[in-house]
Every structure is written in structure tokens, then in C-alpha cells.
Amino acid sequence: MSGHGATGPEADATAPDTAPDGDPVETGEPWRRLHPAGIKVTVLYMLGVVVAAGVPAAIGIGSGPGLLIALAFVVPGALLVFGAVVAYEMVRLRITRYRVTDQRVEMHTGVLFKTRRSLMRERIRSVDLSANPLERVFGLSKVKVGTGETGSGSGSTSEQTLTLDSVDREEAERLRGELLRRAAVEAGGDGEQRLATWEPGWLKYAPLSFLTPMLAGAAVGAVFQVADWFGKGGLPVEIVGGLVEDHGAWTVLGLGLVGLLVLGAVASLALQGEAWWAHRLDREPGGTLRVRRGLLVARSLSLEEERIRGIEIVEPLGVRSAGAGRLDVVAIGLKTDEQGSDLSTLVPAAPLPAVTAAAASVIGPVDCDLAAHPRQARARRLRWAVAAIAVLVAAAVVPHLLWSLPALLSAATVLAAVLGSAFALWTAVDSYRSLGHALTGRHLVSRRGSTRRATVHLDRAGIIGWRITQSVFQRRMGLMTLDATTAAGKGHYAVIDADEHEILDFADEAVPDLLRPFLTTPPE
């Protein structure tokens, strides 16, 4: 990193040939500090946490002994937590050092326990940047350097990942360019290629996701929680009961469901817009894919194409009904980030033509004819649907026989049984129609699912083994499930309920010689 010395608050007073603990080093590259503005982010963040947690706690405690007594407990505790976190962050920013040499990226940190982390530059496969709203205000970013390998550690950051929290935005971009420059120089590339660009019109697919009813349910739980804080936990039930008496159970149930779905749809729009605003998928020189997105929290993910083992076109039921889907990548060492967010999505919910075009740009043509599965696979699904319908009918009838249910609960039970039975029958037929598999020149293609239909294009060269399963019911019907195992993505991708004879030949053709010793009897 010679010739790119840090300036301002990031410059380190430590001598170039001395490590932070005073030990001699083998290079003259200077150690650098994190940006001190990170403490401002921590102070503002903790103020928000203290207010958000302290006010409900004070209200809850104050509803009994009184507000003054509640403040006597809450305020000292809040100040203690605030001071401890801020003091810890001040020390962390002061003692953390990092540097980039010709061979390694190194970081020394640790408040109570000294931690030294080092990554070989030749093994670095990704440099990802993110910045929450507070960090963006102060011009900071979080830099995550990874090798694409899975570590043995149990923490949120494995031994193959190095995270620099609170780095100047320009320094973060410079680090990313510096650490990924090796591949670009070797490839001799000189420009980016745009593969996909987010359009605001794609937001219309957000309310069609399964997140909408989940957010609606969360809103109901939040209402009960707030009411409980004020000692009125039964108030929502009383209000609903009064509405039922005035307007009838079916009217209240119908309007309530519509209102909750509208609320969930608005929340889905907000979350989708924040996560994917200004999304761009680019191919950078050296064979690196870069995904940039985010309205409030800016995110940047870089992925070397040599780690890619395929793609998956995912069509959740609601999104599929509108002719849309999303594009996920099947790659080695790509799981989740520290917040548990899935990092595999290259293109969010978008029209299928845009998704397939992006997929073709990543791995090549994806259009192919899929082989249908035997009719026995449909019969198997219909049997499961009949069993599910029997359970739903029993769940609706038995309570009415044993108890006298309130009108609203009775209506909800009957409606759930009817809708659930219809959905189970439709899903059985639709899931059979979705089944299919094929081989292209480079990929194994498999499609499955109804509520979440997914079509995976798995690189045949990346298949390292087969797992063949056949249940008692499948054996009677002449069906078999073939799992292709790989070191990427979920680790295995299945062709389910295929003909037991045809699927073995299919596997042998997909990866010659891998399964053949188990298909033929060696001569004596």
C-alpha cells in the first residue's frame, strides 16, 4: 500500500517498523487507526437505545409504585449501560490497528483480550462495504474482508473474515480497490459492465411476498405489547368484542384482515425500498460481480466469479402470480452477514425477463426444456393434500362439538378450514406441474416447489457427489430423489420424485464416472 498513506485522524503515530504492542515487524508498512468519528456514531446510537428501552421500562414500572420510583431505577441503569458501551468503544477505536502489505492484511485489536488477525492477500475473494444512516452522516463505512472460506469459529465473524468497523468512506473504497486489484490486473480489464439496474416500479412486488402477513402479525403483537405497558393488556380484546357486537363477526373479521394486509403491504414497501433502492449489479474487471444497494443503509458486496457454481431463480407464490421472481447466486463461502441477512441475492423481485437476462449475463443462456416427472408424483402429492384436508376439517369441527365458541372465533375457524383445504389441493397440483429437470452443456437444471418455486442451474463441474434417497412410499410408486452435493450454496440441490430408472442414467450423464461404479456390476 506504498504511496497511499492515510491522512488526518487515521494516520498512526506508531513507527512504521513497530507493531502496536511494540514488537518488531518485518515490513515498513505503517499501521493505521480506525476513524475517531466512530465514537460519535456510538454515542448517538446508544442515546436512541437508551430512550427506546428506557421509556417503556419507566412506564411499565411507574404504573405500579409510581413514576419517581421508576426513574430512580431506570435512569442510573441507563447511564451505566450508556457509559460502559461508550467507554468500551473509545478504547476499541484507540487500540485497533490495521495495515496492508504486499502479502497480507493484518489487524490487531482487543480490549480485554488481544486479538491478531491476518489474511493472505492472494486468498482474499471479497471486500464488502456497508454503512448505516449514522455512519453515512459522518462519512464512515464498515469494511469486511473475506476469503470465501468457512471458518471453524462460532462467532459472527469467522477466522477467514477480517472486519474494520469505522473506516473513512474514501479509505474504505481505496482499500476495496487495493485488495481486489490483483484479479483486475491479471485479467487486464479496463471497465465495468452493467448487468442489472433496479427500477422503482419493482416495488410493486413487495406486498406480494410472505413478509406482508408476517409484518401484519407483528403489528398485532406490538399493539398488545404497548397496551400491556400501560396496564391495559385486555383493551384490544375488549375493543374487538365491542365491534363484533355492533357490526357482526364476519364483517369485523373481513375488515380486520383487509386492514392488517394493507398495513403489512405498506411495511413491506418500506423495507423493500430501503434494502434495494439504487440497486446495481456490475461485472468489474478481473471477473468480480459487485452488488450495490440501500437507501438508508448503503451496502456493497463483491463476489469473485470463480466462486460461482450456478444460479437459482426463485419465484415465491405471490411474486410468481405477477410474473416476477428474484435471482440468487450459488457460490462458495457465501452465507449470511453479521446481521443474518442473506447475501446470495443478485437481483431482487423483478419481472422474469429481467431476472433471466441477468442470469444469462452471469452464467450464460438459461432457457431450456425441462423433462416432466411421472404421474405417480402427482398422485403422491394429492394423497398428502387429502390427509391435510382431513386434519383441517377435524380441527374446525371438533371444537364446535366440544365447546360453544364465540362468534368471531367460530367464523375464523370455519374460514381457515375452507381456505386451507382449497390451498392444500391447489398446492398439490401446482407443485407437480412445477417439477422438472434437464441437462445443458454446462449445468444441471432442476425445478421444484409451489409456494416457493425455485429453478437451480448448477454447474456440473461443481458437483462433488450424489445422494440418492427412496422412501417406502416412493419405492411403491417407482420414484426416487436425487441430491447433487456441492461445496457451494446450500450444499445440495435435489431432483425430487423422478422415475427411479431414468434418474440414475440422468445422474451418470451429468457427471460421468461419478455414479457409474454403483450402476454396473464389476466382472468376477
Side-chain angles (χ1 to χ4, degrees), residues 1-17 19-20 25-38 93 96-109 116-131 135-136 139-149 157-193 280 282-292 298-307 333-334 337 343:
M1 204 164 59
S2 300
H4 300 279
T7 60
E10 290 195 15
D12 193 352
T14 305
D17 59 348
V25 295
E26 299 177 356
T27 177
E29 292 294 335
W31 290 88
R32 306 175 188 278
R33 292 180 181 177
L34 300 178
H35 203 288
L93 292 172
T96 300
R97 303 288 190 276
Y98 69 94
R99 67 176 179 179
V100 179
T101 68
D102 292 337
Q103 291 79 32
R104 294 178 176 273
V105 181
E106 300 175 299
M107 180 181 71
H108 291 185
T109 188
R116 300 182 180 182
R117 185 155 297 169
S118 176
L119 299 180
M120 294 291 295
R121 288 188 61 176
E122 64 182 14
R123 302 183 68 87
I124 292 175
R125 296 295 181 266
S126 65
V127 182
D128 306 327
L129 312 181
S130 64
E135 289 171 332
R136 294 177 69 177
L140 302 178
S141 292
K142 179 184 294 183
V143 182
K144 181 178 178 181
V145 183
T147 62
E149 301 168 334
T157 304
S158 70
E159 293 300 319
Q160 284 71 36
T161 301
L162 185 151
T163 301
L164 301 174
D165 195 352
S166 299
V167 177
D168 181 77
R169 184 184 305 155
E170 294 183 359
E171 169 72 358
E173 286 289 347
R174 191 194 61 76
L175 280 173
R176 180 185 175 278
E178 180 80 11
L179 296 176
L180 294 180
R181 184 178 301 164
R182 170 184 52 82
V185 172
E186 292 176 357
D190 58 354
E192 290 186 348
Q193 177 188 0
R280 303 183 301 280
D282 297 314
R283 173 178 284 116
E284 297 185 324
T288 299
L289 296 182
R290 186 180 187 185
V291 179
R292 284 172 282 190
R299 308 167 182 90
S300 170
L301 169 68
S302 301
L303 174 67
E304 283 195 340
E305 292 189 85
E306 65 182 27
R307 294 165 54 193
L334 190 62
D337 63 8
L343 298 176

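The structure displayed is predicted, hence computed values, not measured ones.
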Could you grab the distance from atom [atom1] of [X] to atom [atom2] of [Y], nearest 0.5 Å is fine?
X    : Y    : atom1 : atom2 : result
L140 : D168 : CG    : CG    : 7.0 Å
K144 : L162 : NZ    : CG    : 11.0 Å
E304 : E284 : CD    : CD    : 11.0 Å

Should [X] and [Y] count as side-chain neighbours, where that means a heavy-atom distance under 4.5 Å?
X    : Y    : value
R97  : R32  : no
L175 : L164 : yes
Y98  : L34  : yes
E178 : V127 : no

Of all heavy-atom pairs between [X] and [Y], which one has the smallest distance, and what is that distance?
X    : Y    : result
A172 : S141 : CB-CB, 3.8 Å
T163 : M107 : O-SD, 3.4 Å
R121 : D102 : CD-O, 3.7 Å
L93  : D165 : CD2-O, 4.4 Å

R169 pairs by side chain to side chain contact (heavy atoms under 4.5 Å, CB included) with which of R136, H35, E135, R174?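 Single pass found, and it is R136.
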
Partners of Q193 by side chain to side chain contact (heavy atoms under 4.5 Å, CB included), sequence neighbours excluded? L195, R283

Restricting to side chain to side chain contact (heavy atoms under 4.5 Å, CB included), what partner residues turn up for R292, sequence neighbours left out? E192, R280, D282, R290, S300

With sequence neighbours excluded, tell me which residues meet side-chain hydrogen bond (donor to acceptor under 3.5 Å, both in side chains) with S302.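 S302 satisfies side-chain hydrogen bond (donor to acceptor under 3.5 Å, both in side chains) with R176 only.
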
